[in-house]
Amino acid sequence: MRIMIVGAGSLGLLYAAKLAALCEHITVIARTREQAEELTARGIALIGADDEKQNGYNASITFNYYIEEAEFTGSLKPSYDYLFLMVKQPAITQKLVEYVKAQMNESTYLVSFQNGVGHEEMLKSAISPNRLLLAVTTEGARKEGMTAVAHTGAGTTYLGLLKQEEGIGLFSHILLVELLQKAGFQAEMSNNMDVRIWSKLIINAVINPLTAIMRVQNGELLHSTWSLSLMESLYQEARIVAEARAVQLPDTLWNTILDVCAATAKNHSSMLQDILHARPTEIDRINGSLLEMANSLNLKLPTHQTVYQIVKALG
Ligand SMILES: NC(=O)C1=CN([C@@H]2O[C@H](COP(=O)(O)OP(=O)(O)OC[C@H]3O[C@@H](n4cnc5c(N)ncnc54)[C@H](OP(=O)(O)O)[C@@H]3O)[C@@H](O)[C@H]2O)C=CC1
Ligand SMILES: CC(C)(CO)C(=O)C(=O)O
């Protein structure tokens, strides 16, 4: 299998390192030439759950970079089976979408891994919906320097088409799920991506802003009744929006949120990582999206409003 990964950050480096031995070829696109050169010289070092570091020079990975300012002049090698989009939501610009599209041929699938909502609308305006797979994952990953990544928690990755009736179980999707499983990820096809995306939206709307504001690892949230009660308020408020939009959330979602905190206990959530590195966060596409939906339904979400404002003030 041939895969292009756009984004050499936490998830991009983790998936590239884990998939390298199983793929014919992987191209990783970093944002800067500097990082692509470092990666070419050193490979990806993968730090496992036991803190053991595997230094990963792997001949099947090529590193390149996205030329941000220059006009895009052509595709690299448009023969990828899958293109994993592993950048944060604010990085998905029209220009990046054009670049990504130019790397695809008629049999390439784009798999987008973003947390939050909004990206699917932008992608579907450029990419045919039956070539667009959505992924939601609760894997925990933390980039450490330009060439290393720590796998800070095992999770589950769900993959599915935007519209459930279009091609669930297609052979190529099953192949991708099997590939991820062989690489050690827990992965499943889903014919209910709406609910998966909503569930993940709420997981992130609860965990990410609190860890970013408190500057703690995910597991720390479980150790104080104060943070647990804030989590519960965020959860209940988000559930009201989902119910008003007739989204059938699983009854077990609150327990899932607690389980994700425990399974990724050592992770710095992606929002905390953004705050620590003074990068734009995904708050607008996570709690901000919930606030927009609530506004249009005349609902008030006081806890989301407060954490939204604090994260905005921090960033
Ligand atoms: N980390 C995690 O544990 C999890 C993350 N997610 C989601 O996955 C997505 C990716 O997150 P994560 O990997 O943590 O994010 P990171 O910020 O670690 O990585 C994103 C990478 O994208 C790069 N990038 C930005 N713009 C471009 C561009 N135009 N071309 C090429 N590369 C670019 C960034 O480069 P640079 O650093 O040079 O700016 C960065 O290396 C997010 O939506 C996140 O919410 C979901 C589940 C878990
Ligand atoms: C699963 C979790 C909460 C892992 O930290 C995540 O999605 C993130 O950090 O954005």
Side-chain angles (χ1 to χ4, degrees), residues 4-16 27-36 38-39 63-70 72 83-100 103 111-120 134-158 185 197 199-212 216-219 221 231 256-283 285-286:
M4 174 183 265
I5 297 180
V6 177
S10 305
L11 278 197
L13 294 181
L14 172 71
Y15 278 70
T27 302
V28 177
I29 303 294
R31 191 181 54 82
T32 61
R33 179 199 289 253
E34 192 194 3
Q35 190 191 6
E38 279 290 309
L39 283 163
F63 299 98
N64 212 314
Y65 63 98
Y66 171 73
I67 307 160
E68 208 166 35
E69 301 307 332
F72 175 67
L83 197 150
F84 290 180
L85 186 58
M86 290 180 151
V87 300
K88 293 248 168 67
Q89 291 249 11
I92 306 183
T93 58
Q94 206 54 51
K95 217 166 175 186
L96 185 65
V97 174
E98 274 166 36
Y99 171 82
V100 160
Q103 309 309 315
V111 192
S112 93
F113 279 80
Q114 285 62 43
N115 280 333
V117 287
H119 58 294
E120 67 283 10
L134 299 176
V136 294
T137 183
T138 47
E139 293 294 335
R142 189 172 67 234
K143 181 177 147 206
E144 307 215 326
M146 276 196 268
T147 61
V149 62
H151 191 189
T152 45
T156 306
T157 303
Y158 295 100
F185 294 111
I197 290 170
S199 300
K200 186 69 201 302
L201 175 66
I202 297 181
I203 292 171
N204 289 120
V206 171
I207 298 176
N208 292 21
L210 293 181
T211 50
V216 293
Q217 296 172 327
N218 296 351
L221 294 181
M231 287 170 75
T256 305
I257 295 172
L258 302 180
D259 291 347
V260 170
C261 282
T264 60
K266 286 206 290 177
N267 203 31
H268 290 157
S269 73
S270 51
M271 197 172 285
L272 174 57
Q273 292 179 48
D274 287 336
I275 293 286
L276 294 175
H277 292 98
R279 295 186 301 236
T281 70
E282 293 180 304
I283 191 86
R285 296 300 175 88
I286 300 177

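First listed ligand is number 1; within each ligand, the first listed atom is number 1.
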### Query
Going through the checks in order, is the side chain to side chain contact (heavy atoms under 4.5 Å, CB included) test met by Ile286 and Leu201?
CA-CA 6 Å; Ile286 300 177; Leu201 175 66; 4.2 Å; yes
### Message
Polar contacts were defined as any N/O atom of the residue lying under 3.5 Å from an N/O atom of the ligand; does this apply to Gln35 and ligand 1?
### Response
no
### Message
Determine whether a donor-acceptor pair (N or O, by modelled atom type, separation under 3.5 Å) exists between the side chain of Arg285 and the backbone of Lys88.
### Response
no
### Task
Provide the closest heavy-atom pair for Gly140 versus His151 in the form atom of the first, atom of the second, distance.
O-CD2, 3.2 Å
### Query
What part of Ile203, side chain, backbone, both or neither, has a heavy atom within less than 4.0 angstrom of ligand 2?
neither
#### Entry: For Ala91, atoms of ligand 1 separated by under 4.0 Å from a heavy atom
25 (C), 26 (N)
### Task
Any atoms of ligand 1 less than 4.0 Å from a non-hydrogen atom of Thr137? List them with their elements.
47 (C)
### Query
Any nitrogen or oxygen of Glu282, main chain or side chain, under 3.5 Å from a nitrogen or oxygen of ligand 1?
yes
### Query
Are side-chain heavy atoms of Met271 and Thr211 found at a separation under 4.5 Å?
no
### Query
Between Asn267 and ligand 1, which residue portion shows a heavy-atom distance shorter than 4.0 Å: side chain, backbone, both, or neither?
side chain
### Task
Would you please say whether a donor-acceptor pair under 3.5 Å links the side chains of Asp274 and Thr281?
no
### Lys200 heavy atom under 4.0 Å from ligand 1
yes
### Message
Tell me the contacting part of Glu139 for ligand 1: side chain, backbone, both, or neither, using a 4.0 Å heavy-atom threshold, strictly below.
### Response
backbone
### Query
Any nitrogen or oxygen of Ser270, main chain or side chain, under 3.5 Å from a nitrogen or oxygen of ligand 2?
yes
### Query
Among all protein non-hydrogen atoms, which one is nearest to atom 6 (C) of ligand 2, and what is the separation to 0.1 Å?
Asn204 ND2, 3.4 Å
### Task
For ligand 1, indicate whether the residue Ser269 contacts it via side chain, backbone, both or neither (heavy-atom separation under 4.0 Å).
neither
### Query
Within the side chain of Lys200, is there an N or O that forms a donor-acceptor pair under 3.5 Å with the backbone of Thr137?
yes
### Message
Could you tell me, atom by atom, which parts of ligand 2 come under 4.0 Å of a heavy atom of Asn267?
### Response
4 (C), 5 (O)
### Message
For ligand 1, which is the ligand I care about here, please tell me if Gly140 has any N or O atom under 3.5 Å from one of the ligand's N or O atoms.
### Response
no
### Query
Under a 4.0 Å heavy-atom limit, does Lys143 contact ligand 1 with its side chain, its backbone, both, or neither?
side chain
#### Entry: Closest non-hydrogen atom pair between His268 and Gln273, with its separation
O-NE2, 2.6 Å
### Query
Looking at CD of Gln103 and CD1 of Ile29, how far apart are the two atoms once the value is rounded to the nearest 0.5 Å?
6.5 Å
### Task
Decide whether the shortest distance between a heavy atom of His119 and an atom of ligand 1 is less than 4.0 Å.
no
### Side-chain donor-acceptor contact under 3.5 Å, Tyr15 with Thr157
yes
### Query
For ligand 2, is any non-hydrogen atom under 4.0 Å from Thr152's backbone (N, CA, C, O), its side chain (CB onward), both, or neither?
neither
### Summary
Per-atom filter on ligand 2: closer than 4.0 angstrom to a heavy atom of Ser269 are 5 (O), 9 (O)
### Task
Search all heavy atoms of Ala141 against all heavy atoms of Asn267 and return the closest pair with its distance.
O-OD1, 3.6 Å
## Note on the structure
ligand 2 atoms nearer than 4.0 angstrom to some heavy atom of Lys200 are 7 (O)
### Query
Of the choices Lys88, Met146, Glu34, which has the non-hydrogen atom that lies closest to atom 15 (O) of ligand 1?
Lys88
### Message
Is it the case that the side chain of Glu282 and the backbone of Pro90 share a donor-acceptor pair, with hydrogens and angles ignored and the cut-off at 3.5 Å?
### Response
no
### Heavy-atom pair with the smallest gap, counting every atom of Leu14 and Val149
N-CG1, 3.8 Å
## Note on the structure
Going by the 4.0 angstrom heavy-atom rule, the piece of Ser10 near ligand 1 is both
### Message
One residue to check: Met271. Relative to ligand 2, which of side chain, backbone, both or neither has a non-hydrogen atom less than 4.0 Å away?
### Response
neither
### Task
Indicate the atoms forming the closest heavy-atom contact of Ala30 with Gln35, along with that distance.
CB-OE1, 3.4 Å
### Query
Can you list the atoms of ligand 2 that are under 4.0 Å from a heavy atom of Asn218?
3 (C), 4 (C), 5 (O)
### Selection from Arg31, Met86, Met271 by shortest heavy-atom distance to atom 10 (C) of ligand 1
Met86
### Query
What's the spacing between Asp259 CG and Thr264 OG1 if we round to 0.5 Å?
10.5 Å
### ligand 1-proximal atoms of Arg142, by part, heavy-atom distance under 4.0 Å
neither
### Query
Does ligand 1 have a heavy atom under 4.0 Å from the side chain of Leu11, from its backbone, from both, or from neither?
both
## Note on the structure
Between Thr138 and Gly155, the two heavy atoms sitting closest are OG1-CA, 3.4 Å
### Distance-only N or O hit between ligand 1 and Gln114, under 3.5 Å
no
#### Entry: Interfacing atoms of ligand 1 (cut-off 4.0 Å, heavy-atom, Ala30)
31 (C), 32 (N)
### Message
With respect to Glu139, determine whether any N or O atom, backbone or side chain, lies less than 3.5 Å from an N or O atom of ligand 2.
### Response
no
### Message
Is it the case that atom CD in Glu34 sees more than 12 heavy atoms from other parts of the structure closer than 6.0 Å?
### Response
no
### Query
Is there at least one pair of N or O atoms, one from Thr138 and one from ligand 2, spaced under 3.5 Å apart?
no
